[in-house]
Amino acid sequence: MDRSRSARDTMRDLLPRLVLSPTVALIAIFVYGFIAFTTYLSFTDSRMLPSYDLVGAGNYTRLFGLRTWDIALTNLAIFGTLYIAICCALGLGLAILLDQKIRAEGVIRTIYLYPMALSFIVTGVAWKWILDPGIGIEAVVQGWGWESFAFDWIKDRDMAIYTIVIAAVWQTSGFVMAMFLAGLRGIDGEMLKAAQIDGASTFALYRRIVIPQLRPASLSSFVVLAHMAIKSYDLVVALTNGGPGTATEVPATFMYSYTFTRNQMGIGAASAVVMLMTVAAIVVPYLYSELREKS
């Protein structure tokens with residue numbers, strides 16, 4: 001009897017591991033295995049096909065000497081800064097608005113969250129039509145009689161990067177709103193009532209109590225948005241395809257171009273590793289702080 005119970009206990013302990021083992025094996029091969037392979041390629045002279053002749057850090061030296069890479073990094077800095085700042089500000093504002101227990105909150109929340117259900121390809125194509133001077137906002141406003149109106153940012157080398165910011169903010173701000181709204185709903189109402197009884201104004205209430213307690217939601221939003229900004233590819237390709245020229249080139253489009261179009265796989269792999277390290281520099285400290293707080 002004890003032996004059969006022991007066998008059942010052993011099987012019960014092994015069953016979850018057996019069920020999860022195929023998934024773990026696939027992740028180990030197709031995620032971490034390919035990360036390791038890409039890192040290896042970044043130290044080789046691979047071009048159209050993988051090569052195993054090591055060249056040391058030569059690809060990284062060439063990468064940071066390329067003007068296109070400098071443009072991609074500059075565009076990422078502009079896009080990432082505006083994208084994160086506007087999404088957080090807009091998301092917080094919408095969350096505060098919905099937290100006032102307004103009527104039809106569920107409908108409004110769904111409307112705000114709906115863009116997140118779309119793929120970035122769909123968003124890019126839709127905003128490409130909206131911003132196209134021939135059929136979009138400019139054409140509509142001029143058709144209403146304001147013939148001097150011009151809104152051709154998508155074709156302007158200096159302004160095209162901001163069209164990507166507009167489309168990305170439209171898609172993601174509702175998601176940030178949901179994160180902040182969850183944080184607002186988790187704040188102790190008794191604390192707020194006590195502050196109001198003590199005579200705190202609404203502005204002071206939010207500045208001294210509410211917003212400081214939204215630090216976890218703010219940090220989570222920053223990590224998610226920064227990760228999405230760094231790996232942005234499909235939105236850029238669908239909206240501007242990196243143009244005009246290289247005006248909206250970002251590291252993700254640079255990596256694809258050098259790996260599969262220009263047949264410079266070693267440089268493309270080096271750019272992918274730089275992107276991975278940038279994401280890791282953001283995500284790893286966040287995970288460490290979260291695990292440290294829970295332990």
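Reckoned from all heavy atoms, side chains included, excluding hydrogens, waters and symmetry mates.
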Is the count of non-hydrogen atoms from other residues, nucleotides or ligands lying under 6.0 Å from Glu147 atom CD greater than 12?
no
Can you name the closest pair of heavy atoms from Asn59 and Ala270 and give their distance?
CB-CB, 4.1 Å
Give the minimum heavy-atom separation between Tyr206 and Gln100, together with the two atoms involved.
OH-NE2, 3.1 Å
Do Leu214 and Phe175 sit in the same hydrophobic cluster, where Ile, Leu, Val, Met, Phe, Trp and Tyr count as joined when their side-chain heavy atoms come under 4.5 Å apart?
yes
Answer yes or no: is there a side-chain heavy-atom contact under 4.5 Å between Gln264 and Arg62?
yes
If hydrophobic clusters are built from ILVMFWY residues whose side chains come within less than 4.5 Å, do Phe37 and Ile267 share one?
yes
Could you label the plane-to-plane angle of the Trp170 and Trp127 rings as parallel, tilted or perpendicular, counting under 30° as parallel and over 60° as perpendicular?
perpendicular
Without swapping roles, check the side chain of Glu138 against the backbone of Phe151 for a donor-acceptor pair under 3.5 Å.
yes
Trace of the side-chain hydrogen bond (donor to acceptor under 3.5 Å, both in side chains) decision for Thr172 with Tyr83:
CA-CA 9 Å; Thr172 319; Tyr83 174 53; 2.9 Å; yes
Between Phe64 and Trp69, how do the two ring planes meet: parallel, tilted or perpendicular, split at 30° and 60°?
perpendicular
Decide whether Ser42 and Tyr60 meet the rule of one side-chain donor and one side-chain acceptor closer than 3.5 Å.
yes
Can you establish whether the number of heavy atoms outside Met159 located under 6.0 Å from its atom CE is more than 12?
yes
Just by distance, no angles: are the side chains of Ser220 and Tyr286 close enough, under 3.5 Å, to form a donor-acceptor pair?
yes
Short question: side chain of Asp156, backbone of Asp158 - any donor-acceptor pair under 3.5 Å?
yes
Decide whether Thr248 and Thr240 meet the rule of one side-chain donor and one side-chain acceptor closer than 3.5 Å.
yes
Go through the side-chain N and O atoms of Ser51 and Asp45 and say whether any donor and acceptor fall under 3.5 Å apart.
yes
Report whether Phe260 and Leu63 are members of the same hydrophobic cluster (ILVMFWY, side-chain heavy atoms less than 4.5 Å apart, transitive linking).
no
Tell me the closest heavy-atom pair linking Ala229 and Leu76, and the distance in Å.
O-CD1, 3.4 Å
Over 12 non-hydrogen atoms of neighbours within 6.0 angstrom of OH in Tyr114:
no
